[in-house]
Amino acid sequence: MWFLRLFAVVLLIALGAGFLFYVFTGKRAYLAFSGRLLRYGLVFALAVFALMFLERLAIIPL
């Protein structure tokens with residue numbers, strides 16, 4: 001679980017850095033980079049949450 005928290009912090013730092021680079025340079029490549037990171041980060045988070053949900057379902061006795 002600590003790995004997921006570390007991944008989230010690194011992702012937020014990278015998003016912030018990409019956005020700040022865009023603000024200071026005006027190059028849209030940095031903004032596109034931040035957008036891709038955000039999109040892939042959300043997909044990864046949803047996949048992890050789906051796996052955690054499926055794990056909970058597997059534990060519930062029928």
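No continuous path of hydrophobic side-chain contacts links Leu6 to Met1 [ILVMFWY only; heavy atoms under 4.5 Å]. When hydrophobic clusters are built by joining Ile, Leu, Val, Met, Phe, Trp and Tyr residues whose side-chain heavy atoms come closer than 4.5 Å, directly or via intermediates, Trp2 is not grouped with Val48. Note on Tyr30: it clusters hydrophobically with Val23, by side-chain heavy-atom contacts below 4.5 Å among ILVMFWY residues. Tyr40 and Leu15 end up in different hydrophobic clusters when Ile, Leu, Val, Met, Phe, Trp and Tyr side chains are linked at under 4.5 Å.
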Practice item. Tell me, with the steps shown, if Phe44 and Leu4 meet side chain to side chain contact (heavy atoms under 4.5 Å, CB included). Key: CA-CA 10 Å; Phe44 180 75; Leu4 293 176; 3.9 Å; yes
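Interatomic distance, CG of Leu37 versus CD1 of Ile13, reported as 12.5 Å (0.5 Å rounding). Note: Phe33 CZ to Phe21 CZ = 9.5 Å, rounded to the nearest 0.5 Å. Atoms CG and CD, from Leu57 and Glu55 in turn, are 10.5 Å apart once rounded to the nearest 0.5 Å. Rounding to the nearest 0.5 Å places CZ of Phe49 at 13.5 Å from CG of Leu54. Atom CG of Leu38 sits about 9.5 Å away from atom CG of Leu12, to the nearest 0.5 Å. Expressed to the nearest 0.5 Å, how far OH of Tyr22 lies from NZ of Lys27 amounts to 13.5 Å.
Closest non-hydrogen pair, Ser34 versus Ala14, comes out as OG-O, 4.5 Å.
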